[in-house]
Amino acid sequence: MTTASAVLLSACGPDNSDPGSAAPGATGSAAPGSAAPGGGSHAGSPAPGGKEVNGTSAANHLTISTGTRSVAMNGATVDFGTVVRDLAWSPDGKKVVFVDGDGNLVTANPDGSAKSTLAKAPSGDAWSHPTWQHATKELNGDGVPGGVERFNNIVFASSKGGVLQLESIPAKGGTPQVLTPSSSEGGTDNGIPQPPKTGNTWANAGGQQGSIAYANTPANEVYVYDDYIRPNTHDIGKGSQPALSPDGDHLVFVRSVNGHDHLFSRSTDYTQKAEKDLTPSATTDYTEPAWSPDGKTLAARTPDGVSTVPADGSAAPTQVSTIKGLPSYRP
């Protein structure tokens, strides 16, 4: 996927607001230049050659949230009027969900308007990395556009007293409930252990059946949870920060190799064990991956900004933005 033409941004000094400490799994670091109150563009760190690039456009669908009130998208920045952490898009691209400066779960329009607090984090809870789980079905169970709604939830990570777990809340509002991945194939009867109930974080939903990939921090393992027909959870292997492809058939995740964080991909079919290192020559860290809507490109955060790499690993990563934040793609 070729990067759209870079957008030059006018520089302004960072504001003095404190986005707060990031929750486990969150990306709360501030961008090098935050939008001033009332809106306005900001610039990222200087790129090689002294240019300041945004790297987002309507053509490439890339957006970057920075833990400030500004989100980069469409070749500009949008002032949401509140701190935006871990922004994720609805499947139709008409809404965003994020964690605000008070740690609450908020939805909004892409331009930052119509903000609505979906749920307020209880005292002592730290919420992070929401993802939109959506799926439809027919009577035969097949996922189809316009079918009967099976899932329309926001799944996110919660930390309280050092205990990590996943929670879920209807996208239309309600009360968060603990999401406990399980497997109908497991249990003491056949000797197959159930997946861990705690230590789970960094959920990412994808595919027509609303599968959820997530990481278990103590075990440094990645799992895929499918509850479309019956609950099944499969251990994918060592790694963290997983992201499911738009069709749900592939998974990309982060694993440390020789002192750097690499991006790996593999099939979500747990019987297929083959993995591919998409960044075998990495001299920096590639983290927090996100899939493009067509499933052909991956964006990842680096210490210098955001880079993209072909999802099939056919080329080396290319830096597309000097804005340091969480990449995501608008469907």
Side-chain angles (χ1 to χ4, degrees), residues 22-29 65 85-88 97-99 125-133 153-168 176 178-183 186 193-207 210-227 231-245 248-257 260-270 273 275-279 282 285-291 298-302 326-328:
T27 54
S29 58
S65 58
R85 296 197 188 100
D86 299 350
L87 178 142
V97 61
F98 58 91
V99 177
D125 279 21
W127 290 354
S128 65
H129 206 73
T131 183
W132 215 295
Q133 180 196 30
N153 303 318
I154 305 297
V155 178
F156 59 98
S158 173
S159 175
K160 185 171 185 177
V163 177
L164 284 168
Q165 58 189 7
L166 301 181
E167 295 192 33
S168 177
V178 174
L179 178 65
T180 305
S182 60
S183 179
Q194 289 287 319
K197 309 302 182 188
T198 60
N200 299 324
T201 188
W202 203 276
N204 181 267
S211 298
I212 300 169
Y214 66 94
N216 183 265
T217 299
N220 190 31
E221 294 280 332
V222 171
Y223 293 83
V224 173
Y225 176 48
D226 174 16
D227 193 22
N232 280 308
T233 306
H234 299 292
D235 188 342
I236 298 298
K238 295 295 181 183
S240 63
Q241 300 175 6
L244 281 164
S245 62
D249 291 339
H250 290 83
L251 182 76
V252 64
F253 54 92
V254 176
R255 182 187 293 161
S256 180
V257 178
H260 286 296
D261 288 329
H262 289 220
L263 300 181
F264 282 81
S265 68
R266 60 158 291 171
S267 169
T268 52
D269 181 348
Y270 69 97
K273 305 295 185 182
E275 300 175 346
K276 184 170 186 176
D277 187 345
L278 303 178
T279 54
D285 294 325
Y286 295 97
T287 60
E288 303 168 16
W291 290 83
L298 293 162
R301 183 173 183 164
T302 75
L326 176 74
S328 57

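Heavy atoms only: backbone and side chains are in, while hydrogens, waters and symmetry mates are out.
- From L251, atom CG reaches atom NE2 of H234 across 13.0 Å, with rounding to the nearest 0.5 Å.
- In this structure, T233 and V224 have side chains that are not in contact, with every pair of non-hydrogen atoms separated by 4.5 Å or more.
- A donor-acceptor contact shorter than 3.5 Å links the side chain of D235 to the backbone of G237.
- For the atom pair CZ (R301) and CD (Q241), the distance works out to 9.5 Å, reported to the nearest 0.5 Å.
- The minimum heavy-atom distance between A88 and P130, with the atom names listed, is CB-O, 3.4 Å.
- Here NZ of K276 is found 14.0 Å from OG of S267. Values are rounded to the nearest 0.5 Å.
- Contact of the W127 side chain with the S159 side chain is not registered, since no non-hydrogen atoms from C-beta on lie closer than 4.5 Å.
- Listed for the R255 side chain is a donor-acceptor partner under 3.5 Å among the backbone atoms of K238.
- Separation of atoms CD (E288) and OG (S328) is listed at 11.0 Å; rounding is to 0.5 Å.
- Heavy atoms only, all atoms of each residue included: K197 and P181 are closest at NZ-O, 3.6 Å.
- For A205 against W132, the heavy-atom pair with the smallest separation is CB-O, 3.6 Å.
- Looking only at atom types and distance, the side chain of S182 has no donor-acceptor partner in the side chain of Q194 under 3.5 Å away.
- When side chains are defined from C-beta on, F156 does not count as touching S168, because their heavy atoms never get closer than 4.5 Å.
- Here the shortest heavy-atom pairing between H260 and A282 reads CD2-O, 3.7 Å.
- Of the possible polar contacts, one joining the D285 side chain to the D261 backbone as a donor-acceptor pair under 3.5 Å is found.
- In this structure the side chain of Q165 never reaches within 4.5 angstrom of the side chain of K160, judged on heavy atoms.
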side-chain contact (heavy atoms from CB on, under 4.5 Å) between W291 and V252, intermediate numbers included: CA-CA 9 Å; W291 290 83; V252 64; 3.3 Å; yes
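- A donor-acceptor contact under 3.5 angstrom links the side chains of N216 and N200, judged on distance only.
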Candidate pair V257 and F264, rule side-chain contact (heavy atoms from CB on, under 4.5 Å), full reasoning: CA-CA 11 Å; V257 178; F264 282 81; 3.8 Å; yes
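- Remark: the backbone N or O of H250 is paired with a side-chain donor or acceptor of S245 at under 3.5 angstrom.
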Full working for side-chain contact (heavy atoms from CB on, under 4.5 Å) between Y214 and Y225: CA-CA 8 Å; Y214 66 94; Y225 176 48; 4.0 Å; yes
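- Minimum heavy-atom separation, T279 to L263: OG1-N, 3.0 Å.
- Shown are S211, S183, P231; of these, the side-chain contact (heavy atoms from CB on, under 4.5 Å) with D226 is made only by S211.
- Side-chain contact between I212 and L179 is present, with at least one heavy-atom pair separated by less than 4.5 Å.
- In this structure, CD in E275 is found 8.5 Å from OG in S265, a value given to the nearest 0.5 Å.
- At a threshold of 4.5 Å between non-hydrogen side-chain atoms, the residues L326 and D86 count as touching.
- Y223 places none of its side-chain heavy atoms less than 4.5 Å from the side chain of I236.
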Derivation and outcome, side-chain contact (heavy atoms from CB on, under 4.5 Å), residues Q133 and I154: CA-CA 6 Å; Q133 180 196 30; I154 305 297; over 6 Å; no
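- Contact between N204 and P242 at its shortest, heavy atoms only, is CB-O, 3.4 Å.
- Between F253 and R266, the closest side-chain pair of non-hydrogen atoms falls below 4.5 Å.
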